[in-house]
Amino acid sequence: VKFEGRFRIPAPRAEVFEKLNDPHFFASCLEGVSDLKEIDENNFKATLETRIAYIKFSFAVAVTLVERIAPERIVARIDGQPLGTVGRLTSFAEANLIEAEDGRETDIVYVMDVAMTGKLGSLGQPVMKSKAREMEQGFVRNASKAFAAPDKPAAADQAEDYSETGLLAAIRRFVAAITSPLASRRSEEAAQQAALIPQPPRSREPNMPVGAVRRGAAARTSLDFDMVTARTVEEAVHLLAEGGPSVRAFSGGTGLMLMMKTGVFKPTRLVDLTGLEGELSEVRMAADGSLYIGALTRLADLGRSPLLLEQAPAIPLAMPRLSNVRVRNAARVGGALAHGDPHMDLPPVLAVLGGRVEIAGPTGNRQVPLDEFYLGYYTTVLGEGELITGVHLPSQAGWQSIYRKTTIRTYDDWPALGVAASLRFDDGLVGDLRLAVSAATEKLTRLDAIEALVRGNKLSAELCREAGRQAGKGLETTTDIHGSAGYKKVLVEAEVTAALETFLSTGQAK
Ligand SMILES: Cc1cc2nc3c(=O)[nH]c(=O)nc-3n(C[C@H](O)[C@H](O)[C@H](O)COP(=O)(O)OP(=O)(O)OC[C@H]3O[C@@H](n4cnc5c(N)ncnc54)[C@H](O)[C@@H]3O)c2cc1C
């Protein structure tokens, strides 16, 4: 895989080159690098810890500077060995420094060639590219800050923990990319086809004391881990917070088991939340018409809830096409939101209904709007020890909502595109509109510009088509096993148009 990129640093080239050659300065612009060992002036070793989605990974990294031409060029060879995951990456990375703005600023142009083996090799390019972009933005932000205030390192408080050559930024991009928990989407497909998805190990036994631990083992894997049943939210938070990155919440287990079977995630402990059923599996309506859906509610129960069918039918109507009845009977709302795969059906639906995720954590409770809950591919705002306890929806009175799912294989396949729309007419005009797209993008995305285009206007077939056209044109789509980015753009145009057109036929658009 080849990566290329360019970013600008607000300082002259010689200054930039000199600073980037100082491993401590360079590392201060990064996070997660420790144990730097300078073998000699061209060889370095370090540990790189990175957090992708909700998992932390450690990499043993070796960097050899192959070429260093002041003030314009650095070439390095990078070897990365992930700890606890099968695979390896090797890469050549080249960074060229180019004068810009009459020599007052410097453009850094980088190219990297990466080869990956083992489980790492099954990762798709969209994941890597998205992570590369994210890492580049972080590095540019920190480096720009440091050059703007030259006496202060970018992260002075952490400087002694950091190390490395000017190319660790690049390593981090790779590491971030290859440690995505869905590195093995293809393995997951294979597992599905071979019907290899085992029943999750269950820990909850009638007489099991609160917080009791027993050993679990996924039947057909060599994994060995503890299962702990939490009986209260506080206890679950405590158990999750104390354990570190290999401790995770377990609700339905359908997503976790895929990650464990493919070796992407190796838990030391799972905190079983199903002991919190009861209050956390309720769907209820308050006097003001607002709705609450508990995190332990099964997806199958969403599909048959009379209350939701009456108050927010887009939710139950989306369920029959969400995988199969086995998955829906096991999977819970909290897991479906926390998993963070952009190919999930529930998040866009709840987002356009105005959903807010209720989160409990070590420092208290908070609520986050669903359209701000996802930070990137498999990355959510959930911090260590935090768990989802439920979702709040405002009253849906006056709103009409729809979810349109496009699949390329079977009716109930993972979506190639999900489009959700929620609209309220106001005196014959579009009073308000919420539009969200998932699956075709690296994370759930609200179409703010399209909403603004339509809002306040009379809904017409032409306006629906124009909204679709602009949505397809403006959206950055991804390539994956469900289709190319170009194909997804065409789908977005057609499906946004079709979603809006459904409101034309409701008879409320005068
Ligand atoms: C064969 C198959 C097909 C599928 N097809 C589709 C599809 O078409 N559309 C679709 O939308 N989905 C699909 N899915 C995904 C499925 O919806 C998810 O696996 C499921 O929603 C996850 O819920 P769970 O309760 O099983 O989560 P788990 O597997 O228990 O957990 C998933 C993740 O969420 C975390 N987690 C769980 N609960 C909480 C909580 N309350 N707070 C914080 N973190 C939590 C876990 O630690 C883990 O990281 C499919 C799954 C399978 C196995």
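Sequential numbering from 1 along the given sequence is applied to the chain's residues. First listed ligand is number 1; within each ligand, the first listed atom is number 1. Since the structure is predicted, the reported quantities are computational estimates derived from the model, not experimental observations.
By the criterion of a heavy-atom distance under 4.0 Å, the backbone of Asp413, and not its side chain, is placed next to ligand 1. For Arg326, no heavy-atom contact with ligand 1 is shorter than 4.0 Å.
Remark: ligand 1 atoms within the under-4.0 Å shell around heavy atoms of Arg248 are 47 (O), 48 (C), 49 (O). Listed by number with element, the atoms of ligand 1 under 4.0 Å from a non-hydrogen atom of Gly255 are 19 (O), 26 (O), 29 (O). Under a 4.0 Å criterion applied to the non-hydrogen atoms of Leu256, ligand 1 contributes the atoms 29 (O), 30 (O), 31 (O), 48 (C). Which parts of ligand 1 touch Leu258 is read off a 4.0 Å heavy-atom cut-off, strictly below it: atoms 53 (C). Listed by number with element, the atoms of ligand 1 under 4.0 Å from a non-hydrogen atom of Ala336 are 21 (O), 22 (C), 23 (O).
At least one N/O-N/O distance between Arg332 and ligand 1 falls below 3.5 Å. In terms of polar-atom proximity, Pro415 is not counted as a contact of ligand 1, lacking any N or O under 3.5 Å from an N or O of the ligand. Residue Ile388 has at least one N or O atom closer than 3.5 Å to an N or O atom of ligand 1. For the pair Leu273 and ligand 1, the shortest N or O to N or O distance does not fall below 3.5 Å. Distances between N or O atoms of Gly253 and those of ligand 1 include at least one value under 3.5 Å. Of the polar atoms of Leu346, none of the N or O atoms is found under 3.5 Å from an N or O of ligand 1, judged by distance alone. The shortest N/O to N/O separation between Arg321 and ligand 1 does not fall below 3.5 Å. The distance criterion of under 3.5 Å between nitrogen or oxygen atoms is not met by Asn324 with respect to ligand 1.
Looking only at distances, a side-chain donor or acceptor of Thr477 sits under 3.5 Å from a matching main-chain atom of Ala485. Without hydrogens or angle criteria, Glu235 side chain to Ala230 main chain gives no donor-acceptor distance under 3.5 Å.
Counting heavy atoms of neighbouring residues, nucleotides and ligands inside a 6.0 Å radius, atom NE2 of His238 does not exceed 12 of them. Surrounding CD of Glu242 are more than 12 heavy atoms belonging to other residues, nucleotides or ligands, all under 6.0 Å away.
Under a 4.0 Å heavy-atom criterion, Lys405 is in contact with ligand 1.
Here Asp345 does not pair with Arg321 in a salt bridge; the nearest charged N to carboxylate O distance is not below 4.0 Å. Ion pair Glu501/Arg404 not flagged as a salt bridge, since none of the NZ, NE, NH1 or NH2 atoms sits closer than 4.0 Å to an Asp/Glu carboxylate oxygen.
Between the CG atom of Leu299 and the CZ atom of Arg328 there is a distance of 8.5 Å, given to the nearest 0.5 Å.
Using a 30° and 60° split on the angle between ring planes, Tyr378 and His339 fall in the perpendicular class, above 60°.
Side chains of Asp341 and His343: a donor-acceptor N/O pair is present below 3.5 angstrom, by distance only. No side-chain N or O of Asp480 forms a donor-acceptor pair with one of Thr478 less than 3.5 Å apart.
Contact annotation: the side chain of Pro348 approaches that of Tyr403 to within less than 4.5 Å [non-hydrogen atoms, C-beta and beyond].
Atom 10 (C) of ligand 1 has its nearest heavy-atom neighbour, among Leu270, Leu280, Asp345, in Asp345.
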